[in-house]
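Just so you know, ligand 1 is whichever comes first in the structure, and atom 1 is the first atom listed for that ligand.
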Amino acid sequence: MNKNTDPLQSAEKSIGNSGTVSVAIDGPSGVGKTSIARSIAEKRHYLYIDTGAMFRALAVYYVKKGIPAEDEEQVILHLPEISLDMKHKEGTQHMIVNGTDVTDELRTEMISHAASVISQYGAVRTRLLEMQRMIAETENVVMDGRDIGTVVLPKATLKAFLTARPHVRAERRYRQLEALGKLDGATLESIEKDIEERDYRDSHREIAPLKPADDAVIIDTSDLTIGEVEAKILGALEERI
Ligand code: DC
């Protein structure tokens, strides 16, 4: 395919088919995606969608049911019995699994692991992909995840890919878990090891691996404040809309 450099065509390309504005923020965990995406959404009055929470909500179901995330056959077999809903209340995204709000159960190391494992399965990704695209067709969104710019919203108005050194990310995650009282015996070293393991799995899976889109703005957040990263993204967005 020829690369199209016609500015009119590019402008058309930057807006999704439905005319909504979408900002894709991808990257591994601990780069500050969630805080930054949420804050940008607030400033622009867009809807913030945390797609990781969708994988985590499914993971909660499997963990509670005692189905090992590694058992692909069982995970896929039980997928149709999960009804997944998302509600936004006072700026917080709530995940509802079969009528129960599981939002407070999403951020443990056990769920992080299970979510990363089940996110490798095609059937799981397809199920969530449909939900994610549908939201972006009807609302202006800031969506954070791993494959938003590459797979979910390839026509996103702006794609940002955030990175940070693994040690910095482990420290951020440690502080986050500590503040939530959810360290559960985890140490900085064990968190760093888990992060590296998940990064490897997320970036090497066959379907929709974690990687920047060709046209993504790449930002290393290691030595930047949230405000500085946000300013870069908002500046890039201004240029596109
Ligand atoms: O962003 P997070 O740590 O809450 O995401 C949890 C897991 O879900 C992560 O290990 C990879 C997976 N994920 C994904 O595969 N694609 C997304 N768009 C978002 C998350």
Side-chain angles (χ1 to χ4, degrees), residues 22-38 41 48-63 69-70 72 75 79 82 84 86 92-95 97 102-136 141-154 156 159-164 166 169-170 172-177 180 182 186 191-213 216 221:
S22 50
V23 181
I25 302 190
D26 289 305
S29 59
V31 288
K33 272 181 310 183
T34 304
S35 323
I36 290 157
R38 183 178 286 144
Y48 165 58
I49 304 291
D50 170 1
T51 60
M54 298 164 91
F55 288 92
R56 286 172 182 270
L58 294 183
V60 168
Y61 180 82
Y62 292 116
V63 167
E70 284 77 8
E72 179 172 4
V75 167
L79 192 55
I82 310 178
L84 188 64
M86 190 191 288
T92 304
Q93 172 181 310
H94 288 257
M95 297 308 306
V97 173
V102 298
T103 313
D104 290 340
E105 300 169 56
L106 302 178
R107 318 242 154 237
T108 65
E109 286 302 278
M110 194 198 283
I111 296 301
S112 298
H113 171 80
S116 171
V117 174
I118 63 165
S119 71
Q120 300 174 97
Y121 309 147
V124 169
R125 303 205 69 84
T126 306
R127 166 85 188 270
L128 298 184
L129 179 69
E130 285 163 12
M131 251 178 108
Q132 292 155 358
R133 283 196 177 146
M134 215 141 70
I135 302 166
V141 293
V142 180
M143 202 174 267
D144 87 25
R146 304 289 188 287
D147 61 337
I148 310 304
T150 50
V151 176
V152 181
L153 305 175
K159 299 172 188 176
F161 191 89
L162 310 187
T163 62
R169 291 161 47 209
R172 288 175 182 166
R173 182 81 187 132
Y174 183 87
R175 282 198 296 270
Q176 204 180 33
L177 286 171
L180 291 170
K182 288 195 171 157
I191 290 175
E192 189 165 347
K193 193 170 153 278
D194 287 350
I195 282 184
E196 282 173 348
E197 202 181 288
R198 279 207 302 277
D199 277 3
Y200 184 86
R201 196 169 34 239
D202 294 346
S203 338
H204 288 81
R205 66 180 175 224
E206 262 172 53
I207 313 166
L210 167 68
K211 64 168 185 194
T221 70

Asks: When you compare ligand 1 with R205, is there at least one nitrogen or oxygen pair between them that comes in under 3.5 angstrom?
Replies: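 Right, the criterion is met.
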Asks: Which protein non-hydrogen atom lies closest to atom 8 (O) of ligand 1, naming both residue and atom, and how far is it?
Replies: F55 CB, 3.6 Å
Asks: Return a yes/no value for Q132: is any of its N or O atoms, backbone included, closer than 3.5 angstrom to an N or O of ligand 1?
Replies: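 Min N/O separation from ligand 1 is not below 3.5 Å for Q132.
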Asks: Numbering the atoms of ligand 1 from 1, which are under 4.0 Å from a heavy atom of R107?
Replies: 4 (O)
Asks: Would you say R127's side chain and L79's backbone share a donor-acceptor pair under 3.5 angstrom?
Replies: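 Pair found, side chain donor or acceptor close to backbone of L79.
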Asks: How about Q132 and M143: do any of their side-chain heavy atoms sit closer than 4.5 Å?
Replies: yes
Asks: Any side-chain donor-acceptor pair under 3.5 Å between R56 and S112?
Replies: yes
Asks: Is there any N or O on R125 that sits under 3.5 Å from an N or O of ligand 1?
Replies: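 Yes - when backbone and side-chain N and O of R125 are compared with those of ligand 1, one distance drops under 3.5 Å.
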Asks: Check this for me - ligand 1, T51, N or O atoms closer than 3.5 angstrom, yes or no?
Replies: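 Yes; at least one N/O pair falls below 3.5 Å.
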Asks: Near S116, which atoms of ligand 1 are under 4.0 Å from a heavy atom of that residue?
Replies: 10 (O)
Asks: Between the main-chain N or O of I25 and the side-chain N or O of D144, is there a donor-acceptor pair closer than 3.5 Å?
Replies: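 No: the side chain of D144 does not pair with the backbone of I25.
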Asks: Please tell me whether S116 and R198 have a donor and an acceptor in their side chains that are separated by less than 3.5 angstrom.
Replies: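 Per modelled atom types, S116 and R198 side chains form no pair under 3.5 Å.
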Asks: With a cut-off of 4.0 Å, which atoms of ligand 1 are near a heavy atom of G145?
Replies: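 Contacts of ligand 1 toward G145, numbered from 1: 17 (C), 18 (N), 19 (C).
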Asks: Spell out, as yes or no, whether a donor-acceptor pair under 3.5 Å connects the side chain of E196 to the backbone of K193.
Replies: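 Side chain of E196 to backbone of K193: no pair is present.
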Asks: Using a 3.5 Å cut-off on N or O atoms only, is D144 in polar contact with ligand 1?
Replies: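 No, there is no polar N/O contact under 3.5 Å.
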Asks: For ligand 1, which atoms, with element, lie under 4.0 Å from some heavy atom of K33?
Replies: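 Answer, ordered by atom number: 1 (O).
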Asks: Judging by distance only, is a nitrogen or oxygen of R146 under 3.5 angstrom from one on ligand 1?
Replies: yes
Asks: Should you measure from each heavy atom of S119, which atoms of ligand 1 turn up under 4.0 Å away?
Replies: 11 (C), 12 (C), 15 (O)
Asks: Do E70 and H113 have side-chain atoms, one donor and one acceptor, less than 3.5 Å apart?
Replies: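 Yes, H113 and E70 have a side-chain donor paired with an acceptor closer than 3.5 Å.
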Asks: Is Q120 in contact with ligand 1, taking contact as a heavy-atom separation below 4.0 Å?
Replies: no
Asks: Measure the distance from atom 11 (C) of ligand 1 to every protein heavy atom, then report the residue, atom name and distance (to 0.1 Å) of the closest one.
Replies: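 So the nearest neighbour among protein heavy atoms is D202 OD2, 3.5 Å.
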Asks: Return yes if a side-chain donor-acceptor contact under 3.5 Å exists between T221 and R172, otherwise no.
Replies: yes
Asks: Salt bridge check: are D147 and R125 linked by an N-O gap of less than 4.0 Å?
Replies: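 The answer is yes: the pair qualifies as a salt bridge.
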Asks: What's the shortest distance from atom 4 (O) of ligand 1 to any protein heavy atom, and which residue and atom give it?
Replies: R56 NE, 2.6 Å
Asks: At a non-hydrogen distance cut-off of under 4.0 Å, which region of M54 contacts ligand 1 (side chain, backbone, both, or neither)?
Replies: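 Neither; no heavy atom under 4.0 Å.
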Asks: Do S29 and R173 have side-chain N/O donor and acceptor atoms under 3.5 Å apart?
Replies: no
Asks: Would the distance check show the side chain of R133 and the main-chain N or O of L153 forming a donor-acceptor pair, the cut-off being under 3.5 Å?
Replies: no
Asks: Return the closest protein heavy atom for atom 7 (C) of ligand 1 as residue, atom name and distance.
Replies: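 Here the closest protein heavy atom is A115 CB, 3.9 Å.
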Asks: Please confirm whether R201 approaches ligand 1 to less than 4.0 Å, judged on its heavy atoms.
Replies: no
